[in-house]
Amino acid sequence: MNACIEFAFKKAKEKGKELIGVMGGFDGLAKGDFLRLEGNVEGIERWGGTILRTSRGRYFASAEGKASLLKNLKERKIEGVIVLGGDGSMREGVPFLAALGIPTVGIPCTIDDDIPLTRSIGFDTACNKGIYLLDCIKDTALSLPERIFVLETLGGRTGHIALAVAYGGGADYVCVPELELNWEEMIGKIKGKVKERGWAIDVVAEGVGGNMVGERLEKELGIRVRITTIGHSQRGGAPSFRDRFLARALSEEAIEALLEGEYAIMVGWWNEKVERIPIEKIKGKKKEIDRALYRLVNG
Ligand code: F6P
């Protein structure tokens with residue numbers, strides 16, 4: 001998100017426009033919490049998180065919040081808004097502002113990568129962190145076997161991160177909330193791997209629960225289970241090259257789109273290129289889990 005802020009600011013400046021920051025998401029817009037951007041954006045593309053902070057507040061949607069939001073936009077002479085956010089921000093936030101008559105462009109930013117028709121900024125960095133930990137666990141497994149290792153990833157109610165990490169990192173099994181867990185299949189495969197080489201690794205999405213899966217595996221197989229929970233560290237850290245590339249491409253496109261009069265769209269990355277996606281195209285849609293990849297991991 002910081003990379004988006006920096007590159008969007010620079011693009012806007014190049015086009016003779018001022019980009020100002022809104023602190024704390026939609027509620028910041030309603031509360032009039034603005035941040036002047038200038039030299040303070042230089043070099044921030046290297047940092048995880050966002051200097052603008054985020055919130056999950058709903059004040060902006062109240063009658064009072066809405067009135068105040070409109071007043072703030074008018075007073076500041078704001079001509080358009082760029083929304084950096086996840087699934088809810090794209091599906092609800094962008095149409096909300098557009099319905100109030102404000103040209104709005106969304107940029108998909110969520111490690112969960114659960115927004116349809118795009119890759120989201122943050123996913124690659126989050127997966128890299130998962131892969132790094134999986135590699136470290138493998139070093140341990142090879143030198144300290146007779147254990148089953150469970151790695152729990154973030155992802156909320158989705159399993160895209162867990163699946164990508166399990167596939168790319170060569171885990172033995174993956175559990176995702178979108179697909180019903182086949183206990184018999186999982187226990188059989190893990191047991192087989194422990195027999196074959198002394199250890200096994202199971203990647204579990206937080207929406208399934210690493211502790212729950214680990215406890216059951218230990219009970220069923222009588223083998224020590226060691227659980228690593230990535231937790232909120234997965235949301236942070238220096239962004240990968242891929243995420244910075246995406247952030248620059250999408251934020252520059254967002255500025256161009258607003259200047260060209262686009263209204264209620266998301267700029268996304270699809271089929272290896274930048275796309276302008278009308279927001280109705282993602283409303284009510286869900287990004288499906290990749291079942292083929294799931295079968296490749298689990299056998
Ligand atoms: O939606 C992104 C995400 O990082 C999820 O993967 C995770 O479950 C959640 O946010 C963590 O945020 P909170 O602490 O609010 O649950």
Side-chain angles (χ1 to χ4, degrees), residues 1-5 23-28 47-61 83-94 96 106-134 150-169 171 174-179 181 203-214 227-240 242-243 246-247 250 266 268-269 282-283 285-290 293-294:
M1 286 197 219
N2 280 325
C4 287
I5 297 163
M23 298 298 293
F26 285 83
D27 272 2
W47 303 340
T50 162
I51 59 163
L52 297 178
R53 300 207 296 266
T54 63
S55 94
R56 303 203 196 280
R58 303 280 309 173
Y59 167 68
F60 72 92
V83 175
L84 307 176
D87 195 34
S89 302
M90 295 304 115
R91 282 179 211 277
E92 283 185 56
V94 174
F96 172 84
I107 302 182
C109 298
T110 168
I111 63 163
D112 297 350
D113 198 33
D114 56 348
I115 302 170
L117 299 177
T118 188
R119 165 63 25 102
S120 289
I121 297 164
F123 178 67
D124 188 68
T125 306
C127 287
N128 283 340
K129 183 157 284 175
I131 292 275
Y132 168 74
L133 290 176
L134 197 60
V150 170
L151 177 66
E152 185 191 279
T153 66
L154 279 189
R157 281 165 294 174
T158 69
H160 303 288
I161 302 177
L163 182 54
V165 168
Y167 179 75
V174 64
C175 306
V176 298
E178 292 91 337
L179 300 172
L181 175 48
V203 175
V204 180
E206 66 167 339
V208 176
N211 284 333
M212 189 268 288
V213 170
I227 302 167
T228 304
T229 304
I230 307 181
H232 285 60
S233 70
Q234 199 160 24
R235 291 172 59 102
S240 65
R242 194 79 199 143
D243 274 334
L246 207 56
L250 298 188
M266 174 180 82
W269 183 260
I282 61 164
K283 254 173 127 186
K285 281 222 182 88
K286 197 174 161 251
K287 188 183 248 182
E288 298 296 334
I289 195 86
D290 188 335
L293 208 59
Y294 179 80

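By convention here, the first residue in the shown sequence is residue 1. The figures here come from the full heavy-atom set of this structure, side chains too, leaving out hydrogens, waters and symmetry mates. Bear in mind that the values here come from a model prediction, so they are computed numbers and not experimental data. Whatever order the structure lists ligands and atoms in, that order sets their numbers, starting from 1.
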What part of I111, side chain from CB on, backbone N/CA/C/O, both or neither, has a heavy atom under 4.0 Å from ligand 1?
side chain
Is a donor from one side chain sitting under 3.5 angstrom from an acceptor on the other, for T158 and D112?
no
Taking atom 6 (O) of ligand 1 as the reference point, the nearest protein heavy atom with its distance:
D112 OD1, 2.7 Å
Of all the non-hydrogen atoms in the protein, which one sits nearest to atom 3 (C) of ligand 1, and at what distance?
R235 NH1, 3.2 Å
Keeping D113 on the side-chain end and H160 on the backbone end, is there a donor-acceptor pair under 3.5 Å?
no
Could you tell me which atoms of ligand 1, counted from 1 in the order shown, lie closer than 4.0 angstrom to a heavy atom of G155?
6 (O)
What are the atoms of ligand 1, with element, lying closer than 4.0 Å to any heavy atom of E206?
5 (C), 6 (O), 7 (C), 8 (O)
Give a yes/no verdict on whether any heavy atom in R56 is under 4.0 Å from an atom of ligand 1.
yes
Using a strict 4.0 Å cut-off to heavy atoms of H232, name the atoms of ligand 1 that fall inside it.
11 (C), 12 (O), 13 (P), 14 (O)
Look at the aromatic rings of F26 and F96 and report parallel, tilted or perpendicular, splitting at 30° and 60°.
perpendicular
Report yes if some heavy atom in the side chain of I227 is under 4.5 Å from a heavy atom in the side chain of N211; otherwise report no.
yes
Sub-3.5 Å N/O-N/O distance, G156 and ligand 1:
yes
Pair K287 + E178: basic N to acidic O under 4.0 Å
no
Close side-chain approach of V83 and M90, heavy atoms under 4.5 Å:
yes
